[in-house]
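Data first, discussion second: the structure below is written as structure tokens.
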Amino acid sequence: MSKLLRTLWSNRFTLLSGVVIAVMAAVCWQSLSNAPYSQLRPEYAVLDGNPEYKDIIGFDPDRFDWQPYDYPALPPIPQGTKTVYLRWKLPETIPLFVNHILFTTTNQDAYVYLGNELIYMHGNWDDLTDTHGRTLHFLHINESLAGKQLTIMLHTGYANWLGSIDYFFIDSERSLIRKISLTDAIYIASLSIALSLIVFLVMDLVWRGIDRRRTMQLYLIAFLVSFILWTTGTSSFFSRMLGMPALWWEIHLMMLYIMPITFAKVIQEIIAPAYTKHIQNAIIIYMTVFVTAAITEILGLDGYMNLLYLFYPILLVSCLVLIHTLLRSDWQQYPACRYGSVAMISLTIFVGIDALHFEYHRLAGILSMTIFSIYAVIPFVFFLIREQMLTDARLAQQNETLSKELQESQDEASRDFLTGAYNRHQLANGIAKYAALANTRGFTFSFAIFDVDHFKQVNDTRGHLGGDKVLKQIADTIHACIDRRHILIRYGGDEFVLLALHHDLGEMVAFCDMLRERLAQALGDVTLSFGVSTWHGPEDTMSALMERGDRALYRSKEKGRNAVSGEDECAETEGPAPT
């Protein structure tokens, strides 16, 4: 029990969201379904064969055998019947201002009689299947309804729909228009939410790029688009405003088959891999039913409508399977399943209510409940966007860490471990890069080679660790004096090379002399000697540049060490430099 309570408490916000959505839907349904005289029990009568002109014009309610039935369930109509009459006996207490009738039919011609007088016609009795779609009928009666008999003749070739009326209201014009307006407002608000979610998802895709990790957002967008198209056919708003009810009805039916496919693809992306096969099987079943319905629809057999009786049971079973996979997936490891389960449970419940209402005629109401499932999708979408942002941030941080580690690894491969200067393998690349700039851009570029005077004595007196400390101190002192125009290279042992862009021979000699003085101050009794050469243009070579520098270093040794010499001081002599 305590474990159950902990689970409920840890998911309190998820549960609260579900409760809020359920209460909101129940309140809207209740307020829109209740109206004066909505509890009147109708009667029905059946007409053998198709109605003729005399049956429509010369209607006489007294010649029919009227039987009561349990509205909104369909009356018990014999097989092969094409026409049925529904009758309401209106009470004597109806006031004068109650003079409007509101009802909706689907795929049926409708003819309305007050007493035996025809007051409204919709459709053409010559064609049994000419009327497609859901049609709202709003009638103004020019006389008192008190004590009258109101009869609706319904005529169609679609046996599954004959005798069905989604809702039937008698009230004042103001009251009924308020109902229609509130219903339209709920539909439009849901459409606006769906469009807003699509905008958020598209913006996330545009900003972050479309790759394999974004397939879930693409499936969500497909689901939201199918939801919008389904809503346009469910609501009477678009058919009233734009006409073409048959088109909106066809879109509604098509999206009814497509929506579960798109949402199942979303679920497949977020559940534990162990349950992926279950989702794939459900998608295959959905696709099979949809393709079958589409083919029979193309063949003129009204597959979308006629397969609904098969589709809804399959939908219920598969939705339960999807809910099972979401609930069984570890919510700690797959946190999106927490929000996906709320959306999936809401869809299952609301679609089930609509199936009982529109398809099985067990409920009557002006509003489709599936429209409220969009509110359960809101936290799911925002969680996915937030989770993707956090994932991208983690990946970016990981990439930055990897890049830093790679850079450090590359630096370690190209730099001397002891001094932090580049190793001698970088000398050729450095000279080639600076020489290219000097040759193409006209920049000056100079070379200096230097070493520690009497370094053997330093090692003998201070030990090899002391010698290493001197080399490290030399590199640290020079690194503090140079910038991005310079490349410091440990050439080998106690010998270093310095490349300097934008330095001619005189500037390089002066710069090296400054380094010599700084090093003498830092190292105390340890001194260094420098040899400097400069790049002579496209005809110059790396070996010639280094040879001139070596001769200049030899010249500094000849001068007594602790000196800087340029190539212009050197005689054309060869020989090894003193150590």
Side-chain angles (χ1 to χ4, degrees), residues 407-408 410-427 429-431 433-434 444-534 545-546 549-550 552-567 569 577-579:
Q407 183 64 43
E408 291 174 353
Q410 291 174 341
D411 288 345
E412 290 175 359
S414 62
R415 291 184 181 272
D416 175 61
F417 176 78
L418 174 64
T419 63
Y422 287 104
N423 59 41
R424 65 181 298 157
H425 300 296
Q426 307 305 311
L427 178 60
N429 290 336
I431 291 178
K433 181 172 67 173
Y434 280 7
T444 54
F445 147 50
S446 294
F447 168 93
I449 184 169
F450 53 97
D451 62 11
V452 180
D453 295 329
H454 304 296
F455 186 63
K456 185 176 182 302
Q457 294 180 10
V458 174
N459 280 332
D460 290 342
T461 57
R462 303 188 183 187
H464 287 286
L465 291 179
D468 289 347
K469 184 177 179 181
V470 168
L471 295 176
K472 179 73 167 59
Q473 196 170 1
I474 290 171
D476 291 344
T477 303
I478 295 176
H479 275 134
C481 298
I482 61 178
D483 53 34
R484 62 180 183 176
R485 299 171 297 171
H486 306 91
I487 299 176
L488 177 63
I489 297 170
R490 185 184 179 191
Y491 193 60
D494 64 320
E495 202 166 31
F496 293 85
V497 165
L498 182 64
L499 305 179
L501 192 64
H502 301 301
H503 288 62
D504 58 20
L505 183 61
E507 292 169 337
M508 189 62 170
V509 169
F511 183 72
C512 288
D513 198 49
M514 181 271 293
L515 291 178
R516 181 190 62 78
E517 293 178 356
R518 294 265 182 102
L519 290 166
Q521 294 174 0
L523 300 174
D525 58 343
V526 178
T527 61
L528 289 90
S529 298
F530 292 76
V532 179
S533 60
T534 192
L545 177 71
M546 295 181 65
D550 281 335
L553 176 60
Y554 177 69
R555 176 60 181 159
S556 294
K557 301 290 186 181
E558 288 180 335
K559 289 167 35 177
R561 296 180 172 80
N562 192 22
V564 178
S565 301
E567 64 177 51
E569 300 180 39
T579 61

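This structure is a prediction, so every number in the text was calculated from the model and none was measured. Any value given below was found using the heavy atoms of this structure, including those in side chains, with hydrogens, waters and symmetry copies removed.
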Rounded distance (nearest 0.5 Å) linking atom [atom1] of [X] with atom [atom2] of [Y]:
X: F447; Y: L505; atom1: CZ; atom2: CG; result: 13.0 Å
X: L545; Y: I449; atom1: CG; atom2: CD1; result: 10.0 Å
X: I478; Y: C512; atom1: CD1; atom2: SG; result: 8.5 Å
X: Q457; Y: D460; atom1: CD; atom2: CG; result: 7.5 Å
X: H454; Y: N562; atom1: NE2; atom2: CG; result: 10.0 Å
X: H502; Y: T444; atom1: NE2; atom2: OG1; result: 7.0 Å

* When you look at S529 and D453, which way does the side chain to side chain donor-acceptor pair (under 3.5 Å) test go after all the steps? -> CA-CA 7 Å; S529 298; D453 295 329; 2.6 Å; yes

Shortest non-hydrogen contact from [X] toward [Y]:
X: L427; Y: I489; answer: CA-CD1, 3.6 Å
X: V458; Y: V526; answer: CG2-CG2, 4.1 Å
X: E569; Y: R555; answer: O-NE, 4.0 Å
X: S565; Y: S556; answer: OG-OG, 2.8 Å

* **Criterion side-chain contact (heavy atoms from CB on, under 4.5 Å) on L499 and Y422, from CA distance to verdict** => CA-CA 11 Å; L499 305 179; Y422 287 104; over 6 Å; no

* Asked: Is it true that a side-chain atom of T534 and a backbone atom of D504 form a donor plus acceptor pair closer than 3.5 Å?
  -> no

Would you say that [X] contacts [Y] through its side chain, given a criterion of any heavy-atom pair below 4.5 Å between the two side chains?
X: H503; Y: V532; value: no
X: M508; Y: L498; value: yes
X: L523; Y: L528; value: yes
X: I431; Y: F445; value: yes
X: E495; Y: L553; value: yes
X: F496; Y: D416; value: no
X: Q426; Y: V497; value: no

* Please walk me through it: do K557 and D451 pass side-chain contact (heavy atoms from CB on, under 4.5 Å)? -> CA-CA 10 Å; K557 301 290 186 181; D451 62 11; 2.7 Å; yes

Side-chain polar contacts of residues 479-488 - donor-acceptor pairs under 3.5 angstrom, sequence neighbours left out - could you list them?
from: H479; atom 1: ND1; to: A475; atom 2: O; distance (Å): 3.1
from: D483; atom 1: OD1; to: R485; atom 2: N; distance (Å): 2.9
from: D483; atom 1: OD1; to: R485; atom 2: NE; distance (Å): 3.1
from: D483; atom 1: OD1; to: H486; atom 2: ND1; distance (Å): 3.0
from: D483; atom 1: OD2; to: R485; atom 2: NE; distance (Å): 3.2
from: D483; atom 1: OD2; to: R485; atom 2: NH2; distance (Å): 2.9
from: H486; atom 1: ND1; to: D483; atom 2: N; distance (Å): 3.1

* Could you note down all residue pairs passing salt bridge (Lys or Arg N to Asp or Glu O under 4.0 Å) where residues 463-481 supplies at least one of them, sequence neighbours left out? => K472-D476

* To do: Check the surroundings of atom NZ in K559: do more than 12 heavy atoms from other residues, nucleotides or ligands lie under 6.0 Å from it?
  => yes

* To do: Flag yes if more than 12 heavy atoms outside Y491 fall under 6.0 Å of its OH atom; otherwise flag no.
  =>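 At most 12 heavy atoms, drawn from other residues, nucleotides or ligands, come within 6.0 Å of this atom.
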
